[in-house]
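Here the structure is a predicted model, which means the values were calculated and not measured.
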Amino acid sequence: GQMDALTSLFMNLGPEKFSGTQADKKLHAGDYIGAATELLTFDNVRKDGKLVPLDGLTKRRRVEAEMFAGAYKNHLPPDRPKTK
C-alpha cells in the first residue's frame with residue numbers, strides 16, 4: 001500500500017516537491033504513521049496568492065494516507081493536521 005500511495009501522490013504532486021518535506025523525512029526515519037499523517041497536508045492549491053485546502057485533494061490525500069498506513073489507518077488523525 002505504501003508504494004501505491006506514494007505513486008498516486010507523485011503522479012499528482014511530482015517527486016521533486018516531496019523531497020525534503022516532513023513526510024519524506026518521517027518516511028526515511030521509519031515513522032510510517034507520521035509519514036502517512038503528513039501526506040494529508042498535501043491538499044493545498046494557490047488561490048489569491050495564498051495556499052488553501054481543496055476539498056477534492058483533501059479526500060484524495062485521505063485515501064492515499066489510509067492506503068499508505070494499511071492496517072494502521074485507524075491511527076491517522078480524523079482531520080487534516082495543521083501545517084507549520
Side-chain angles (χ1 to χ4, degrees):
Q2 291 176 342
M3 179 67 86
D4 292 339
L6 291 176
T7 299
S8 177
L9 178 73
F10 290 173
M11 291 295 290
N12 186 244
L13 182 69
E16 64 283 344
K17 289 185 181 174
F18 182 80
S19 182
T21 63
Q22 286 297 317
D24 186 27
K25 291 174 185 173
K26 289 181 180 190
L27 175 63
H28 288 290
D31 179 4
Y32 300 118
I33 295 301
T37 299
E38 289 295 326
L39 294 182
L40 299 171
T41 66
F42 290 96
D43 65 346
N44 293 315
V45 295
R46 190 164 302 280
K47 183 176 180 180
D48 298 327
K50 295 181 180 182
L51 289 175
V52 296
L54 183 67
D55 287 344
L57 281 179
T58 300
K59 290 175 186 172
R60 180 179 177 151
R61 297 300 171 243
R62 171 62 59 180
V63 169
E64 291 166 347
E66 289 179 358
M67 186 184 318
F68 187 93
Y72 299 98
K73 68 183 177 184
N74 293 333
H75 295 281
L76 294 172
D79 297 319
R80 180 188 188 281
K82 305 264 189 277
T83 56
K84 297 174 186 150

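Heavy atoms from other residues, nucleotides or ligands lying under 6.0 Å from CZ of Phe10 number more than 12.
Taking every heavy atom of both residues into account, Asn44 and Leu51 meet most closely at CB-CB, 4.0 Å. When all heavy atoms are compared, the tightest approach of Ala69 to Ala36 is CB-CB, 4.2 Å. Shown here for Pro77 and Leu40, the closest heavy-atom pair between the two residues is CG-CD1, 4.0 Å. In plain terms, the two heavy atoms of Glu38 and Lys26 that are nearest each other are OE2-NZ, 3.5 Å. Between Leu13 and Phe42 the shortest heavy-atom distance is CD2-CD2, 3.5 Å. Taking all atoms of both residues into account, the shortest heavy-atom contact from Thr58 to Pro53 is OG1-CB, 4.2 Å.
Taking NZ of Lys50 as the reference point, atom CZ of Arg46 lies at 11.5 Å (rounded to 0.5 Å). Taking CG of Asp31 as the start and CD of Gln22 as the end, the distance is 10.0 Å to the nearest 0.5 Å. Interatomic distance, Leu27 CG to Lys25 NZ, rounded to the nearest 0.5 Å: 13.0 Å.
Sequence neighbours left out, the pairs with a member in residues 9-19 that pass side chain to side chain donor-acceptor pair (under 3.5 Å) are Asn12-Arg61.
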| message | Working note: Leu76 + Phe68, criterion side-chain contact (heavy atoms from CB on, under 4.5 Å); need CA distance, chi angles, decisive distance, verdict. | response | CA-CA 11 Å; Leu76 294 172; Phe68 187 93; over 6 Å; no
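Grouping Ile, Leu, Val, Met, Phe, Trp and Tyr residues whose side-chain heavy atoms lie under 4.5 Å apart, directly or via other members, leaves Met11 alone, with no other cluster members.
Grouping the Ile, Leu, Val, Met, Phe, Trp and Tyr side chains by contacts below 4.5 angstrom, directly or via other members, places Phe18 with Tyr32.
Although no hydrogens or angles enter the test, the distance criterion places no donor-acceptor pair under 3.5 Å between the side chain of Arg60 and the main chain of Asp43.
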Which donor-acceptor pairs under 3.5 Å do the side chains of residues 1-8 make with protein atoms, sequence neighbours left out?
{"from": "Thr7", "atom 1": "OG1", "to": "Met3", "atom 2": "O", "distance (Å)": "2.8"}
{"from": "Ser8", "atom 1": "OG", "to": "Glu64", "atom 2": "OE2", "distance (Å)": "2.6"}

